[in-house]
A.B. asks: 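Handing you this structure, nothing more for now.
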2 protein chains.
Amino acid sequence: MTAEEGKERFIQSWGALGSSWGINRTMAQIHALLLISSEPLCAEDIMEELMISRGNANMNIRALIDWGLVHKVLKQGERKEFFMAVKDMWEVVKNIIIQRKKRELEPMLKVLDEISNVESTDEASENFLQVIRDIKLFSNKADATLDSLVKSDSNWFVGTFMKMIK
Amino acid sequence: MTAEEGKERFIQSWGALGSSWGINRTMAQIHALLLISSEPLCAEDIMEELMISRGNANMNIRALIDWGLVHKVLKQGERKEFFMAVKDMWEVVKNIIIQRKKRELEPMLKVLDEISNVESTDEASENFLQVIRDIKLFSNKADATLDSLVKSDSNWFVGTFMKMIK
DNA sequence: TTGTTTTTTCAGTAATTGTTGAAACTTCTT
DNA sequence: AAGAAGTTTCAACAATTACTGAAAAAACAA
C-alpha cells in the first residue's frame with residue numbers, strides 16, 4: 001500500500017466511523033484529512049481533495065471548529081484562512097466528550113428530572129417511576145465520571161487506568 | 001405532569017437521544033417503551049402505542065434483541081411472542097459497549113493496522129504515519145479499557161470509580 | 001394435511017439528512 | 001469608494017435512511 005492509498009483508506013474509514021456515531025460523513029472526512037496533513041489546508045484544498053462544494057466545505061469546517069477539533073490558522077501574507085486539526089488524540093476525545101455531554105447527556109438529565117415529578121397513582125406508573133429513577137441515578141454517575149475524566153490528563157488514561165481496574 | 005404525559009415525554013426523548021447516536025429513532029422508542037412497561041408487550045401493543053407498522057416493529061424488535069437490550073418472553077397459553085427490556089442500566093450500557101466495540105472500534109483497529117504498513121517516503125507521509133500510530137496507540141488503550149470496564153461489575157462503576165480518579 | 005395465527009421479508013414509497021451553487025455579505029486593498 | 005478576494009448563507013436538489021403494507025414463510029393446532 002502506498003502512502004497515497006493509505007491516506008485515502010483512512011479518510012474513508014474515518015468518515016464511515018463518524019457516520020455510525022451521528023456525525024456526518026463529510027465532517028468526519030474533513031477531520032481525517034486535516035489530521036493527516038502536515039500543513040494547514042485552506043478551503044480550496046479541502047474542496048479539491050474531497051471533491052465537495054464550497055458551501056459544504058465551509059459548513060463542515062465551521063462545525064469542526066465549533067467542536068474544538070480544528071483551529072483556524074492565519075498565514076502571514078495570505079488573506080485566506082487555513083485550518084489545522086488538533087492532533088493530540090486525548091484532546092480530540094476530550095473535546096468530543098465535552099460537546100456530547102453538553103448537547104445530549106445534560107438535556108436528558110433535565111428531562112429525567114422533570115419526569116420524575118409525576119405522581120405515582122397505580123402499579124404501572126410506580127414501575128415507570130422506578131425505571132426513571134434508575135436511569136437518573138446512572139446518568140448522574142456517568143455525568144460526574146465524565147467530568148472527572150475530562151479533568152484528568154492524558155497520562156492518566158494511557159498509563160494508570162488499566163492497572164487500577166484490572 | 002401525569003404519568004401518561006411523562007411516559008410520552010420519555011419515549012420521545014429517548015428516541016431523540018438514540019438519533020444523535022446513530023441509532024434509529026423507532027428502535028430507541030421501542031426500547032424506551034419496553035423499559036418503562038411493567039409487563040412484557042407483544043408486537044401489536046408496540047405497533048399501537050407508537051403508531052408504527054408491523055414490519056417496522058418487527059425489524060426493530062429483532063435489532064434490539066440482537067443488541068442484547070430486549071428479551072423474548074413466552075407467556076404460557078399464548079401463541080404470540082412478548083418482549084421485555086433489560087432494565088438494569090449497567091447491563092444495558094455494557095451491551096451497547098460490547099456491540100459498538102465489535103462493530104466499530106475493532107474494524108477501525110484493523111484498518112489502522114493495515115495502513116500503518118505503508119512505507120514512509122517523504123516528510124508528508126512521515127507525518128501521516130505518525131498520526132496513524134498515535135491513533136492506533138490510543139485506540140488500543142481504549143479497546144483494552146472497554147474490555148476491563150465490561151468485565152467489571154456495576155458496583156464498581158457506581159461506587160468506586162469516582163473516588164479513584166478524584 | 002389443512003386451516004389459522006404469527007412472524008418475516010422486501011419492493012416501493014416517504015421522510016430525513018446532506019450537498020450544491022450562486023447570490024449576498026464581509027474584509028481587505030488601492 | 002470601488003474592486004478584488006474570501007466567506008457565509010440558503011433554497012433547490014440529491015442521496016440516504018427509514019417505514020409501510022402486502023405477500024411469503026413459519027409455527028402451530030385440529
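Naming: A, B, ... by sequence-line order, numbering from 1 per chain.
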A.B. asks: Is it the case that the side chain of A:Ser125 and the backbone of A:Phe128 share a donor-acceptor pair, with hydrogens and angles ignored and the cut-off at 3.5 Å?
C.D. replies: no
A.B. asks: Can you measure A:Leu74 atom CG to D:dG6 atom P for me and round it to whole angstrom units?
C.D. replies: 13 Å
A.B. asks: Report, as a single string ordered 5' to 3', how protein heavy atoms within less than 4.0 Å touch nucleotides 17-30 of chain D: B base, S sugar-phosphate only, - not at all.
C.D. replies: -SSBB-----BBS-
A.B. asks: Just by modelled atom types, is the A:Arg54 backbone N or O under 3.5 Å from a matching donor or acceptor in the A:Asn58 side chain?
C.D. replies: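 It does not hold such a pair.
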A.B. asks: Working to the nearest 0.5 angstrom, can you tell me the gap between A:Leu35 CG and A:Gln29 CD?
C.D. replies: 13.0 Å
A.B. asks: Distance-only, no hydrogens or angles: does the B:Ser37 side chain make a donor-acceptor pair with backbone N or O of B:Pro40 under 3.5 Å?
C.D. replies: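 Side chain of B:Ser37 to backbone of B:Pro40: no pair is present.
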A.B. asks: What are the 5'-most and 3'-most nucleotides of DNA chain C lying under 4.0 Å from any heavy atom of chain A?
C.D. replies: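 Nucleotide range in contact with chain A: C:dG18 to C:dC28.
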A.B. asks: Count the heavy atoms of every other residue, nucleotide or ligand shown that sit under 6.0 Å from NZ of B:Lys75, and state whether that count exceeds 12.
C.D. replies: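 More than 12 heavy atoms, drawn from other residues, nucleotides or ligands, come within 6.0 Å of this atom.
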A.B. asks: Look at atom CD of A:Glu123 and say whether more than 12 heavy atoms of other residues, nucleotides or ligands are closer to it than 6.0 Å.
C.D. replies: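 No, not enclosed.
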A.B. asks: OP1 or OP2 of D:dT7 versus the side-chain N and O atoms of A:Asn58: is any pair under 4.0 Å?
C.D. replies: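 False: A:Asn58 side-chain N/O out of range (4.0 Å or more) of D:dT7 OP1/OP2.
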A.B. asks: Is it the case that more than 12 heavy atoms not belonging to A:Glu48 sit under 6.0 Å from its CD atom?
C.D. replies: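 Counting neighbours around CD of A:Glu48, 12 or fewer heavy atoms of other residues, nucleotides or ligands fall under 6.0 Å, so no.
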A.B. asks: Tell me, which stems hold DNA chain D, with a stem being 3 or more Watson-Crick or G-U pairs in a row and both distances under 3.5 Å?
C.D. replies: C:1-30 with D:1-30
A.B. asks: Specify the separation, in whole Å, of atom CD of A:Glu44 and atom C1' of D:dT7.
C.D. replies: 11 Å
A.B. asks: Within 45 degrees of the ring normal and closer than 6.0 Å to the centroid, is that where the cationic atom of B:Arg103 sits relative to B:Trp67?
C.D. replies: yes
A.B. asks: Assess B:Arg9 against B:Trp14: is NZ or CZ under 6.0 Å from the centre of the six-membered ring, and within 45 degrees of the ring's axis?
C.D. replies: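 Checked: cation-pi criterion not met.
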A.B. asks: With the threshold set at 4.0 Å, does a side-chain nitrogen-carboxylate oxygen contact exist between B:Glu81 and B:Arg62?
C.D. replies: yes
